[in-house]
Amino acid sequence: QVQLVESGGGLVQPGGSLRLSCAASGSISTIDFMGWHRQTPGKLRELVASITSGGTTTYKDSVKGRFTISRDNAKNTVYLQMNSLKAEDTAVYSCNAVIGAQVPLVYWGQGTQVTVSS
């Protein structure tokens, strides 16, 4: 059984910073893709940033230059450093991971709320 657990969400003022963490635990062989997504009520979930096992990253245009995704393969953990936060970044942030070499499966965390407000 594999679990992803996020932490680090909360309330922050515009212009502030937060660092999200997502730790994978359980029966893990290899982790390829890891990503951070966000969703607000009434909208589809969107991919914010992703990182492969080799370190290749992608970002949603609106967060480029403000967010940084990284991972610690030894700890099976992915991070999202969010700087210069804006009100429109308010959402539930969830991580996912593609785990398994022969039969890759997608796992999701439960989500963590990020609220940017003064």
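Values in this document were obtained by computation on a predicted structure and should not be read as measured data.
No path of Ile, Leu, Val, Met, Phe, Trp and Tyr side chains, each step under 4.5 Å between heavy atoms, connects M34 with V98, placing them in separate hydrophobic clusters.
Around the CG atom of L44, the shell of radius 6.0 Å holds no more than 12 heavy atoms that belong to other residues, nucleotides or ligands.
Atom OG in S118 sits 9.5 Å away from atom CG in L11 (nearest 0.5 Å). Within the model, atoms CG of N83 and OG1 of T68 stand 6.5 Å from one another, a figure rounded to the nearest 0.5 Å. Here CG of L80 is found 7.5 Å from OH of Y59. Values are rounded to the nearest 0.5 Å. Within the model, atoms CG of L85 and CZ of F67 stand 5.0 Å from one another, a figure rounded to the nearest 0.5 Å. Taking CG of L18 as the reference point, atom CD of Q81 lies at 8.5 Å (rounded to 0.5 Å).
No side-chain heavy atom of T40 sits under 4.5 Å from any side-chain heavy atom of E88. In this structure the side chain of Y107 never reaches within 4.5 angstrom of the side chain of N96, judged on heavy atoms. With contacts defined as side-chain heavy-atom distances shorter than 4.5 Å, the pair L47/W36 does not qualify. I69 is listed as a side-chain neighbour of V78, based on a closest heavy-atom distance under 4.5 Å.
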Exercise for the section: Evaluate the criterion side chain to side chain contact (heavy atoms under 4.5 Å, CB included) for residue pair R38 and V63; output intermediate values, then yes/no. Expected result: CA-CA 12 Å; R38 67 187 182 189; V63 307; 4.1 Å; yes
Handout entry: Criterion side chain to side chain contact (heavy atoms under 4.5 Å, CB included) on E46 and H37, from CA distance to verdict
Key = CA-CA 5 Å; E46 59 183 13; H37 305 250; over 6 Å; no
Problem - Verdict with reasoning, S50 to T58, per side-chain hydrogen bond (donor to acceptor under 3.5 Å, both in side chains) - result: CA-CA 5 Å; S50 68; T58 65; 2.5 Å; yes
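Remark: R19 is positioned above the aromatic ring of Y79, its terminal NZ or CZ atom under 6.0 angstrom from the ring centre and at most 45 degrees off the axis.
When all heavy atoms of V92 and Q113 are compared, the closest pair comes out as CG2-OE1, 3.2 Å. Across all their heavy atoms, A97 and L4 have their closest contact at N-CD1, 3.8 Å. Of all the heavy atoms in S17 and S84, the pair that sits closest is OG-N, 4.4 Å. When every heavy atom of Q39 is checked against every heavy atom of K43, the shortest pair comes out as NE2-O, 3.1 Å.
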Using a 3.5 Å cut-off and no angle test, enumerate the donor-acceptor pairs between side-chain atoms of residues 20-31 and protein atoms at least two apart in sequence or in another chain.
none

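Of the possible polar contacts, one joining the R71 side chain to the T52 backbone as a donor-acceptor pair under 3.5 Å is found. Looking only at distances, no side-chain donor or acceptor of Y93 sits under 3.5 Å from a matching main-chain atom of V48. For E6 (side chain) and Q110 (main-chain N/O), a donor-acceptor pair under 3.5 Å exists by modelled atom type.
Qualifying salt bridge (charged side-chain N to carboxylate O under 4.0 Å, His left out) partners for K75, counting only residues two or more places apart in sequence or in other chains: none. Scored by the salt bridge (charged side-chain N to carboxylate O under 4.0 Å, His left out) test, K86 finds no partners at all (sequence neighbours excluded).
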